[in-house]
Amino acid sequence: RAAGKDYAVETPLLGKHNALNIVALSALLSGCGIEQEQFAAAMASFVGVRRRLQVRLDEGGITVIEDFAHHPTAIKANLETLRLIYPGRRLVVLIEPRSNTMVRNFFQQALAEALAAADIVMTDKIYREEKYAPAERLNLTQLKSDLESKGKQVFMLPEAGRVAFVTAQLKSGDVVCFMTNGSFGGLIGETVSHLSSHTR
């Protein structure tokens with residue numbers, strides 16, 4: 001609502017957090033003299049940026065999504081969004097503890113709570129874990145235990161044969177979301193290629 005009138009804005013962006021951002025931006029631009037019709041037209045054509053709930057594959061009954069989330073708050077918000085977009089589907093989440101936030105145990109409990117929105121969680125090893133004292137590092141064993149106590153299936157990714165391991169856990173209907181601020185050592189692209197070649 002602006003100047004006593006209601007306006008509808010359509011956007012391909014997903015999630016409650018994006019909706020709130022759009023409302024805030026609309027108010028800001030309205031105060032700068034931008035007409036709501038101009039704003040609505042711009043938002044309809046804005047597709048967002050890469051790696052923000054980016055669908056990498058949607059075939060053979062499996063949807064693969066790549067997301068930059070590397071903080072419990074972002075992970076929780078995006079998993080809630082995926083639950084809304086893909087109701088009733090099994091949600092498989094792969095995380096790569098890589099950012100300064102994710103490799104430390106400061107958010108140990110918050111991360112477990114955020115990942116509890118998934119059905120299956122697969123975790124990679126901590127990126128460059130030797131840089132962090134054991135007492136400061138995210139405890140992957142504890143994370144696994146905490147999630148399993150919530151009824152979740154949790155797997156630690158193996159060093160070798162990772163694509164085969166990941167795809168062996170999947171079934172038709174799954175939504176698979178890779179969450180990292182890195183590249184999972186190429187695992188995302190390799191998984192997409194493998195699934196694509198096996199569903200044709």
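- Contact check on Asp146 versus Lys152 returns no salt bridge, with no Lys/Arg side-chain nitrogen under 4.0 Å from an Asp/Glu carboxylate oxygen.
- Counting only distance, with no hydrogens or angles, the side chain of Arg104 and the backbone of Asn100 share a donor-acceptor pair below 3.5 Å.
- Remark: side-chain polar atoms of Asp67 are not paired, donor with acceptor, to backbone N or O of Met179 under 3.5 angstrom.
- In this structure, NZ on Lys150 lies 10.5 Å from OG on Ser145, to the nearest 0.5 angstrom.
- Residues Leu143 and Leu115 are in side-chain contact: their nearest non-hydrogen atoms beyond the backbone lie under 4.5 Å apart.
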(message) Before you tell me yes or no, could you show the steps for Val103 and Leu138 under side chain to side chain contact (heavy atoms under 4.5 Å, CB included), namely the whole-Å CA-CA distance, both residues' side-chain angles and the distance that decides it to 0.1 Å?
(response) CA-CA 5 Å; Val103 298; Leu138 176 70; 5.7 Å; no
(request) Check the pair Met122 / Val166 against side chain to side chain contact (heavy atoms under 4.5 Å, CB included), numbers first and verdict last. (result) CA-CA 8 Å; Met122 299 186 208; Val166 170; 4.0 Å; yes
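- Shown here are the side-chain hydrogen bond (donor to acceptor under 3.5 Å, both in side chains) partners of Tyr86, two or more places apart in sequence or in another chain: there are none.
- The distance from atom CZ of Phe178 to atom OG of Ser183, rounded to the nearest 0.5 Å, is 11.0 Å.
- The closest side-chain heavy-atom distance from Thr101 to Phe106 is not below 4.5 Å.
- Side chains of Asp119 and Gln153 form no contact here, defined as non-hydrogen atoms less than 4.5 Å apart.
- Of the possible polar contacts, none joining the Ser196 side chain to the Val192 backbone as a donor-acceptor pair under 3.5 Å is found.
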(message) Could you walk me through whether Leu94 and Phe184 satisfy the side chain to side chain contact (heavy atoms under 4.5 Å, CB included) test, starting with their C-alpha distance in whole Å, then the side-chain angles of each, then the deciding distance to 0.1 Å, before giving a yes or no?
(response) CA-CA 9 Å; Leu94 294 94; Phe184 253 106; 3.8 Å; yes
(request) For Asp174 and Arg90, run salt bridge (Lys or Arg N to Asp or Glu O under 4.0 Å): C-alpha distance rounded to whole Å, both residues' side-chain angles, the deciding distance at 0.1 Å, then the answer. (result) CA-CA 5 Å; Asp174 283 351; Arg90 193 171 72 152; 2.7 Å; yes
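- Of all heavy-atom pairs spanning Val93 and Ala118, the tightest one is CG2-CB, 3.6 Å.
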(request) Decide yes or no on side chain to side chain contact (heavy atoms under 4.5 Å, CB included) for Leu91 and Ile120, but give the supporting numbers first. (result) CA-CA 7 Å; Leu91 182 54; Ile120 297 177; over 6 Å; no
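- Cluster annotation: Tyr127 is not connected to Tyr132 through the hydrophobic network of ILVMFWY side chains, with a link wherever side-chain heavy atoms come within less than 4.5 Å.
- Note on Val92: it clusters hydrophobically with Val163, by side-chain heavy-atom contacts below 4.5 Å among ILVMFWY residues.
- Using a 4.5 Å heavy-atom cutoff, the side chains of Thr73 and Phe107 are not in contact.
- Going from atom CG of Asn181 over to atom CD of Glu96 covers 7.0 Å, rounded to the nearest 0.5 Å.
- Remark: Ile75 CD1 to Cys177 SG distance equals 9.0 Å, nearest 0.5 Å.
- In terms of heavy-atom proximity, Glu129 sits nearest to Arg137 at O-NH1, 3.1 Å.
- Pairing each heavy atom of Pro72 with each of Ala114, the nearest pair is O-CB, 3.4 Å.
- In this structure, Leu82 CG and Ile65 CD1 are separated by 4.5 Å, a value rounded to the nearest 0.5 Å.
- Applying the side-chain hydrogen bond (donor to acceptor under 3.5 Å, both in side chains) test to Arg89 and every residue at least two apart in sequence or in another chain returns Thr63.
- Counting heavy atoms from C-beta outward, Val176 and Leu170 have side chains that approach closer than 4.5 Å.
- In this structure, the side chain of His194 does not engage the main chain of Glu190 through any donor-acceptor pair within 3.5 Å.
- Considering only heavy atoms from C-beta on, Met102 comes within 4.5 Å of Leu111 through its side chain.
- Atom CG of residue Leu147 and atom CD of residue Gln142 lie 10.0 Å apart, to the nearest 0.5 angstrom.
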(message) Show, in sequence, the C-alpha distance, side-chain angles and deciding distance for Arg162 and Asp124, and conclude whether the salt bridge (Lys or Arg N to Asp or Glu O under 4.0 Å) test is met.
(response) CA-CA 10 Å; Arg162 301 191 319 158; Asp124 203 2; 2.9 Å; yes
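- Smallest separation of non-hydrogen atoms from Gly60 and Ser172: O-OG, 3.9 Å.
- Residue Glu159 qualifies as open at atom CD: its count of foreign heavy atoms under 6.0 Å is 12 or below.
- The shortest side-chain heavy-atom distance between Asn105 and Asn139 does not fall under the 4.5 Å cut-off.
- The closest side-chain heavy-atom distance from Leu84 to Glu80 is not below 4.5 Å.
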